[in-house]
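Keep in mind the model is a prediction, meaning the values are calculated, not measured. Residue numbering restarts at 1 for every chain, and letters A, B, ... go by the order of the sequence lines.
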There are 2 protein chains.
Amino acid sequence: MASRSDTKTRILDAAEKLFAERGFSETSLRLITSKAEVNLASVNYHFGSKKELIRAVLARYLDVFMPAASNQVNQLNTAPTKATLEEILSSLVDPLLDLNALRAGGTSIFLQLLGRGYIESQGHLRWFITTHYGQHLDAFIKAVSASAPHIPPAEMFWRLHFTLGTIVFTMASADALNDIAAAEFGEHNDIEAVIRKVIPYMAAGISVPVNS
Amino acid sequence: MASRSDTKTRILDAAEKLFAERGFSETSLRLITSKAEVNLASVNYHFGSKKELIRAVLARYLDVFMPAASNQVNQLNTAPTKATLEEILSSLVDPLLDLNALRAGGTSIFLQLLGRGYIESQGHLRWFITTHYGQHLDAFIKAVSASAPHIPPAEMFWRLHFTLGTIVFTMASADALNDIAAAEFGEHNDIEAVIRKVIPYMAAGISVPVNS
DNA sequence: AAATAATTTAAACACTCGTTTAAATTAAAC
DNA sequence: GTTTAATTTAAACGAGTGTTTAAATTATTT
């Protein structure tokens with residue numbers, strides 16, 4: 001079965017890169033299989049359909065990231081002092097950067113896939129994530145809410161989605177923005193530098209008092 | 001020429017609604033023309049191509065919104081007291097809501113189109129907006145920068161793009177989020193309520209001190 | 001009213017898409 | 001080594017896409 005998993009992996013590797021770059025519906029199976037140097041029909045043979053391939057691509061990252069992320073959050077919860085919001089957000093940086101060890105550019109690819117998925121799939125991805133990784137999400141949401149107890153739950157719902165938009169849009173266009181920043185300001189940032197820039201922005205927005 | 005502009009308008013009206021709901025590439029010309037009750041070929045006759053139709057749909061809003069928005073910013077600039085960041089952002093609310101007078105649901109449609117456009121078209125929309133409406137954008141960026149002089153230009157560049165992501169992602173999925181908020185918290189927000197929720201978030205993020 | 005221009009229409013074109021089929025090939029089991 | 005199962009392959013299918021064409025219709029101009 002060496003060839004089987006080899007073909008599956010080649011498909012997943014090619015697909016995630018193309019999905020992140022061009023979006024799901026803009027990426028044809030023919031483009032994926034030609035980049036992966038496998039036969040067109042092997043996608044349907046190994047994954048059943050394009051939709052299931054998309055889910056497999058996302059799951060490969062979520063299965064690694066989600067447990068690592070909620071581990072970090074749980075560690076903060078058991079610490080003697082209550083974690084600040086910025087500490088909670090910063091605790092996700094390592095799990096995110098560890099995805100680069102999984103595959104080259106993994107951090108950026110994962111965040112771009114997340115963004116594309118949330119926008120393209122009319123709610124399907126939201127359902128997929130909440131049903132498969134809901135426990136991990138709940139731990140994170142609870143920790144964030146506890147760090148900003150002055151924010152009502154409904155308001156926090158909106159602010160966490162504002163935050164999702166911030167991170168996801170930023171990462172989807174991080175490469176282009178880095179080019180502009182380099183040309184305009186002489187800055188040369190990598191993905192980690194951008195993540196560390198965005199955390200104070202998000203933390204301030206999430207915790208700003210209501211009606212001020 | 002009554003029929004000519006009538007057909008053009010019918011196409012634009014049907015297209016913008018479908019584009020906002022399903023995205024550009026997910027909306028076929030056949031769906032647009034059947035909703036508009038015009039012939040399929042009339043899109044190419046009146047607009048040349050689907051890509052030019054998309055631009056026409058966006059331009060119909062941008063031509064109204066952009067001058068109105070920079071008018072508001074200029075009025076703040078001539079006021080006796082320096083405008084706060086939240087005042088600057090809030091000054092865009094009226095121009096946004098005035099789009100509802102243009103067409104039913106205009107505000108929501110415009111913001112969703114903006115979000116879809118920025119995400120779907122790999123940089124094409126960014127180029128289209130900066131080249132056609134760059135002067136209006138510059139006035140806005142200058143006003144925001146002046147309201148937060150403690151933020152270096154390079155940092156402000158990043159934060160304004162964080163903000164673009166926040167607003168664009170939120171609006172692209174505003175309907176879905178509103179449905180969830182209604183089901184989960186009994187909240188029934190319209191587009192104005194969401195806009196007024198996101199402004200404090202963005203203002204706090206843009207102006208938070210660096211390295212804090 | 002006749003001639004010209006603008007618009008609408010139905011049909012077809014050329015292409016891409018995801019998926020399926022059945023035969024060929026390779027691997028595993030007995 | 002033969003049989004059985006798993007995988008790969010080339011080809012085709014049916015449906016959907018944006019666009020083009022040329023004739024029919026409508027509006028405008030002379």
*Hey, could you give me each pair passing salt bridge (charged side-chain N to carboxylate O under 4.0 Å, His left out) that has a residue in residues 33-47 of chain A? Not counting sequence neighbours.*
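For residues 33-47 of chain A, and leaving out neighbouring residues, the salt bridge (charged side-chain N to carboxylate O under 4.0 Å, His left out) pairs sorted by first residue read A:R10-A:E37.
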*To the nearest 10 degrees, what angle separates the axes at the start and end of the helix from C:dA1-D:dT30 to C:dC30-D:dG1, five pairs each?*
10°
*Can you name the side-chain hydrogen bond (donor to acceptor under 3.5 Å, both in side chains) partners of B:R30, sequence neighbours left out?*
none
_Residue list, side-chain hydrogen bond (donor to acceptor under 3.5 Å, both in side chains) with B:R55, at least two apart or on another chain_ = none
Would you kindly give the [atom1]-to-[atom2] distance between [X] and [N], to the nearest whole Å?
{"X": "B:I11", "N": "C:dT7", "atom1": "CD1", "atom2": "P", "answer": "12 Å"}
{"X": "B:F47", "N": "D:dG18", "atom1": "CZ", "atom2": "P", "answer": "15 Å"}
{"X": "A:R10", "N": "D:dT9", "atom1": "CZ", "atom2": "C1'", "answer": "15 Å"}
{"X": "A:N39", "N": "D:dT8", "atom1": "CG", "atom2": "C1'", "answer": "6 Å"}

*Indicate, with yes or no, if the rings of B:F24 and B:F19 have centres closer together than 6.0 Å.*
yes
*At under 4.0 Å, does any side-chain N or O of B:T7 touch on OP1 or OP2 of C:dT8?*
yes
*If only side-chain N and O atoms of A:H46 are considered, is one of them under 4.0 Å from the OP1 or OP2 phosphate oxygen of D:dT8?*
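Checking A:H46 against D:dT8: at least one side-chain N or O falls below 4.0 Å of OP1 or OP2.
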*Mind checking ring-ring contact (aromatic ring centres under 6.0 Å, His included) for B:H136 and listing every partner two or more places apart, or none if nothing turns up?*
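So B:H136 forms no ring-ring contact (aromatic ring centres under 6.0 Å, His included) with any residue.
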_Counterpart residues, side-chain contact (heavy atoms from CB on, under 4.5 Å), relative to A:A59 (two or more places apart)_ = A:D63, A:F128, A:Y133
*Among all residues two or more places apart in sequence or in another chain, which pass the side-chain contact (heavy atoms from CB on, under 4.5 Å) test with B:S34?*
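Per chain and number, B:S34 pairs via side-chain contact (heavy atoms from CB on, under 4.5 Å) with B:L31.
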*asked:* Using a 4.0 Å heavy-atom cut-off to protein, can you give one letter per nucleotide of nucleotides 14-21 of chain C, 5' to 3': B if the base is in contact, S if only the sugar-phosphate is, - if neither?
replied: ---BBBB-
Scan the side chains in residues 90-97 of chain B for donor-acceptor partners under 3.5 Å anywhere in the protein, sequence neighbours excluded, and list what turns up.
from  : atom 1 : to    : atom 2 : distance (Å)
B:S90 : OG     : B:E86 : O      : 2.7
B:S91 : OG     : B:I88 : O      : 2.6

